[in-house]
Amino acid sequence: MFWDEVYKGKPPWDLDHPQPAFQALIQNGEIKPGRALDIGCGRGENAILLAMSGCEVTGIDLAENAISDAKVKAKERNVKVKFVVEDALQMDWLFEEGEFDIVIDSGLFHVMTDEERPVFAQQVHRVLRKGGKYFMLCFSDKEPGEYDLPRRLSKAEIESTFSPLFEIIYIKDAVFDSLLNPSNRKAYLLSGVRK
Ligand SMILES: C[S@@+](CC[C@H](N)C(=O)[O-])C[C@H]1O[C@@H](n2cnc3c(N)ncnc32)[C@H](O)[C@@H]1O
């Protein structure tokens, strides 16, 4: 599987620390302790950050090897996180409706295809309780370069995908930290509240 192959190495997003955008959300109180899902959690840095801030965290990812590495990392740091191999587009059997207060997404939405995006938005909506919060970090169309994937998103694309199901609190400029270009990739951070 593509993602397992990627995690045989060290992909550029695979930092040994959480994304600063999520650290800031905890520091400024936008993310508070609650039941949280890190969707497409990779090797688990952001999930572990949320658990250390008092959240009860589940992390899911398609890549089995990323999930097993995340489990080892959490154990080494003595942090409790439930890590599960699962497809974010098929969470119906795994989670109850409204099971989470918070969903975070660091770089998953921006790897979804156009066809997958509405399905993805519905899946996030289903697992969040009414009033629950979705925080999503993705590459922005302000990021220069020739590469096609992950696709750089416009504010309009983010808004049109999520606004039917979420009240958009903001879509603001942010940074996507990366091993290739540390602290310098232009991103958007979405804060949405489940309708
Ligand atoms: C750009 S990486 C970001 C990983 C992690 N959130 C981080 O910040 O390090 C995207 C992640 O989404 C996972 N992924 C891709 N499609 C997925 C899907 N349908 N369901 C769950 N995870 C998926 C990949 O395996 C990969 O770990």
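Every value quoted in this text rests on a predicted model; they were computed, and no experiment measured them. Every number for a ligand or one of its atoms is a count from 1 in the order of the listing. By convention here, the first residue in the shown sequence is residue 1.
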How far apart are the C-alpha atoms of T161 and F120, what are their side-chain angles, what is the distance that settles it, and do they pass the side-chain contact (heavy atoms from CB on, under 4.5 Å) test? CA-CA 9 Å; T161 305; F120 177 75; over 6 Å; no

With heavy atoms of [X] as the reference, note each atom of ligand 1 found under 4.0 Å away.
X	value
A88	18 (C), 19 (N), 20 (N), 21 (C)
N46	8 (O)
E86	20 (N), 21 (C)
G40	4 (C), 5 (C), 6 (N), 11 (C), 12 (O), 22 (N)
G107	1 (C), 10 (C)

Any idea which protein heavy atom is nearest [atom], and the distance to it?
atom	value
atom 22 (N) of ligand 1	L62 N, 3.3 Å
atom 7 (C) of ligand 1	W13 CD1, 3.8 Å
atom 19 (N) of ligand 1	D87 OD1, 2.8 Å
atom 3 (C) of ligand 1	S106 O, 3.2 Å
atom 23 (C) of ligand 1	L108 CD1, 3.5 Å

I'd like to know whether I102 forms a side-chain contact (heavy atoms from CB on, under 4.5 Å) with Y134, so could you lay out the CA-CA distance, the side-chain angles of the two residues, the decisive distance to 0.1 Å, and finally the verdict. CA-CA 6 Å; I102 303 153; Y134 174 50; over 6 Å; no

Would D61 and V85 satisfy side-chain contact (heavy atoms from CB on, under 4.5 Å), going step by step from the backbone distance to the final call? CA-CA 5 Å; D61 201 284; V85 177; over 6 Å; no

Ligand 1-proximal atoms of [X], by part, heavy-atom distance under 4.0 Å:
X	answer
E45	neither
I39	neither
C41	backbone

So is [X] close enough to ligand 1, meaning a heavy atom under 4.0 angstrom away?
X	value
I60	no
D61	yes
F120	no

Do NZ/NE/NH1/NH2 and the carboxylate oxygens of [X] and [Y] come within less than 4.0 Å?
X	Y	value
E167	R194	no
D177	R185	no
K8	E5	yes
E76	K71	no
K142	D173	yes

Donor-acceptor check, side chain of K155 to backbone of I171, threshold 3.5 angstrom: yes or no? yes

Judging by distance only, is a nitrogen or oxygen of H110 under 3.5 angstrom from one on ligand 1? no

Using the side chain to side chain donor-acceptor pair (under 3.5 Å) definition, which of the options D14, D16, N65 pairs with R43? D14

Within one Ile-Leu-Val-Met-Phe-Trp-Tyr cluster: V6 and L179, side-chain cutoff 4.5 Å: no

